[in-house]
Amino acid sequence: MSENKWIDDELESVVEQGVHNYSSEEHWVKPEDPLLLERLEWFKDQKLGLMMHWGPYSQLGLVESWALSDVDEEWSRNEIDWDIDAEELKRQYFNLNKTFNPLRFQPDLWADLAASNGFKYLNFTTKHHDGFCMWDTKTTDYRITGPDCPFHTHKYADITKQLFDAFRARGLGISAYFSKADWHTPYYWAPGMRPGTTTSRGPTYDPKQYPWLWEQFVKFTHEQIMELMTNYGRIDVLWLDAGWVNDYRDQNIRLGEVVERAREIQPWLLSADRTVGGPYENLITPEQTLPDRALHVPWESCITMGSAFSFRYEDNYKSVRQLIHLLVEIVAKGGNLALNVGPQPDGRISKTAISRIQGMGEWLKVHGEAIYGTRICEPYSVGNIQFTQKDDKVYAFYLYKSEQENVPQELILPLQREISLSRIDLIGGSDALEYRRTEQGIVVRLPEAETGGKAPIAHVFRIQ
């Protein structure tokens, strides 16, 4: 295969500017194992997870990993503003482990913050594409507990263990992010195997031409996954990134083999082999977007609180109102929100991110019954009105874009289907509101106290 053809095939529709596409609902494969089906229902109950991209790259305040790929330089290096060529950039990047020393890391505070503000699980990057391991792996010295990393003597040095234990102790689920690509190991980016210095997302050699080297990489990857599945307590989801590494193209890592080995230890384990499809993509994972319609399969949108997955020194954070609206629409369409926060290189979460998390928690403490444990309800999502349901109750969310938006005395909820209707309550407000049925849906009259002053994030109605 030619050099250019190989690269073109590798990049085909998998990822663009660091954002992955997502698999279609039609290609989702329903598991046959009753336990996995039960765990998918558990997953669909959770609704809100805390995602965290963190590693030595946080010191730069730039996009994680991607600047290492020469074929992605047009977008991944657009913030690199110091005089440096590509090879020196890679050298500097791969040496960031020697200065990564997050002495202010407090895993219990992170876990308390998440648990007390409505988050139900943690999705943590144990390893991104750059190959740096945030756990005490025995496969490489390029790890948080490696001798070159100054943090390796700290009592919290095994960051993955500390976080998984802290979040699990508070009843939260654990989703382990793991990149199947590894741009540090010579089993994947083997020096001198490709003419010139160009690096891309895939290996620097054709696995079909060098099967023995590829087998080394497969064994390396399996060993790392099994370390996480064996030594780090209960894992609920194995969340696999780098969709260009898959068993249906040239980069076959025999994923099913290692997932089934892991399930011998953790039979409840869900697998998210994202963008790949097939039996090991138990849940679909849109990135920085959400579907334009409801999906009838398990799914989770991973979306950043700020502008990027990794920490930025100056970032634009979404408001609490925007974040709640995002969550509500995702839930109305049948999904979960994995809200990404990039920790600082010193081991703290920024004050702005903390304030957003707490703001979401305040809202969820009042309105959470319309979020958690719910399922989709026609007509799902209509403009600024969203619907969910649980047991014999239907919930309707009327969202306001800003505090300045006019709050009408009467709202039309476009619920056309026949439901047994005895009362409508305003969650966090008055019970037994006035209402009437019309051809357009259900017209609800708000109490006068709700129509004056600033518009809330949403009015949430319980219909039963």
Side-chain angles (χ1 to χ4, degrees), residues 22-23 27-52 119-128 133-137 139 158 160-182 218-243 245-248 252-285 297-300 302 335-336 338:
Y22 60 96
S23 301
H27 291 112
W28 182 75
V29 177
K30 184 177 181 179
E32 296 180 357
D33 186 340
L35 179 55
L36 295 182
L37 293 174
E38 178 184 313
R39 294 306 295 168
L40 284 173
E41 292 303 311
W42 165 84
F43 180 80
K44 289 160 68 174
D45 284 342
Q46 306 310 298
K47 305 306 182 188
L48 181 59
L50 180 63
M51 190 177 201
M52 302 185 113
F119 289 79
K120 300 301 182 182
Y121 60 97
L122 169 71
N123 185 346
F124 181 68
T125 49
T126 64
K127 183 184 78 167
H128 205 259
C133 298
M134 295 288 278
W135 79 95
D136 188 27
T137 181
T139 62
D158 192 341
T160 293
K161 176 176 173 52
Q162 296 298 325
L163 285 175
F164 284 4
D165 286 352
F167 277 73
R168 195 184 294 114
R170 289 155 180 81
L172 276 68
I174 301 297
S175 179
Y177 173 114
F178 179 89
S179 172
K180 295 175 293 181
D182 189 311
V218 172
K219 290 180 179 178
F220 171 83
T221 304
H222 284 202
E223 186 174 349
Q224 287 194 336
I225 290 174
M226 290 308 299
E227 283 180 340
L228 291 167
M229 296 299 107
T230 304
N231 302 328
Y232 288 82
R234 180 182 175 117
I235 310 292
D236 297 290
V237 182
L238 175 59
W239 205 92
L240 297 155
D241 207 355
V245 182
N246 67 68
D247 295 1
Y248 307 101
N252 183 355
I253 59 167
R254 305 196 301 276
L255 180 67
E257 179 183 312
V258 71
V259 170
E260 294 306 329
R261 280 178 60 197
R263 284 175 176 164
E264 291 176 6
I265 303 167
Q266 310 215 35
W268 50 78
L269 181 70
L270 297 175
S271 171
D273 192 16
R274 58 193 310 246
T275 77
V276 174
Y280 297 103
E281 189 174 11
N282 300 144
L283 50 111
I284 294 171
T285 56
V297 300
W299 65 277
E300 168 197 74
C302 49
N336 288 8

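The residues of the chain are indexed from 1 along the displayed sequence.
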Quick one: side chains of residues 29-39, donor-acceptor pairs under 3.5 Å with protein atoms, not counting sequence neighbours, listed by atom name and distance.
from	atom 1	to	atom 2	distance (Å)
Asp33	OD1	Leu35	N	2.9
Arg39	NH2	Asp236	OD1	3.0

query = What are the two closest heavy atoms between Pro298 and Lys44, and how far apart are they?
reply =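 Distance-wise, the nearest heavy atoms are CG-CD, 4.2 Å.
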Quiz prompt | Heavy-atom pair with the smallest gap, counting every atom of Cys133 and Lys127 | solution =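 Nearest heavy atoms, Cys133 then Lys127: SG-CD, 3.9 Å.
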[Y] and [X], any side-chain heavy atoms less than 4.5 Å apart:
X	Y	result
Phe167	Leu50	yes
Thr125	Met52	no
Val276	His27	no
Asn246	Leu255	no
Met51	Ser175	no

Quiz prompt | Basic-acidic side-chain contact under 4.0 Å: Glu264, Arg261 | solution =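 No, no charged N to carboxylate O under 4.0 Å.
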Arg254/Asp247 salt bridge by N-O under 4.0 Å criterion: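 Salt bridge: no.
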Practice item. With sequence neighbours left out, write down each residue that passes salt bridge (Lys or Arg N to Asp or Glu O under 4.0 Å) with Asp158, or none if nothing qualifies. Key: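 For Asp158, no residue satisfies salt bridge (Lys or Arg N to Asp or Glu O under 4.0 Å) once neighbours in sequence are set aside.
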Checking Lys161 now: which residues fulfil salt bridge (Lys or Arg N to Asp or Glu O under 4.0 Å) with it, not counting sequence neighbours?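 Here the qualifying residues are Asp165.
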*asked:* Determine whether Glu281 and Ser23 satisfy the following criterion, side chain to side chain donor-acceptor pair (under 3.5 Å), listing intermediate values before the conclusion.
replied: CA-CA 9 Å; Glu281 189 174 11; Ser23 301; 2.7 Å; yes
Q: With salt bridge (charged side-chain N to carboxylate O under 4.0 Å, His left out) as the test, would you mind laying out the steps for Asp273 and Lys180 before giving the verdict?
A: CA-CA 9 Å; Asp273 192 16; Lys180 295 175 293 181; 2.5 Å; yes
Side chain Gln266, main chain Gly233, donor-acceptor under 3.5 Å:
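Flag set: sc Gln266 to bb Gly233 pair under 3.5 Å.
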Next on the checklist: Could you measure the distance from the OG1 atom of Thr230 to the CD1 atom of Ile235? Nearest 0.5 Å is fine.
Outcome noted: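 One gets 10.0 Å once the value is rounded to the nearest 0.5 Å.
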Nearest-0.5 Å distance, CZ of residue Phe124 to OH of residue Tyr232
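One finds 11.0 Å between CZ of Phe124 and OH of Tyr232.
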Ring pair (Phe, Tyr, Trp, His ring centres under 6.0 Å) contacts touching residues 30-51 (sequence neighbours left out) |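 As it turns out, the ring pair (Phe, Tyr, Trp, His ring centres under 6.0 Å) pairs with a partner in residues 30-51, which skip direct neighbours, are Phe43-Tyr121.
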Exercise. Tell me, please, which residues at least two apart from Phe220 pass ring pair (Phe, Tyr, Trp, His ring centres under 6.0 Å).
Key: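 Tyr187.
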*Would you please name every residue forming a ring pair (Phe, Tyr, Trp, His ring centres under 6.0 Å) with Trp239, sequence neighbours left out?*
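Here the qualifying residues are Tyr177.
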* **Short side-chain donor-acceptor distance under 3.5 Å, Glu300 and Tyr22** =>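 Looking only at side-chain atoms, Glu300 and Tyr22 do not form any donor-acceptor pair under 3.5 Å.
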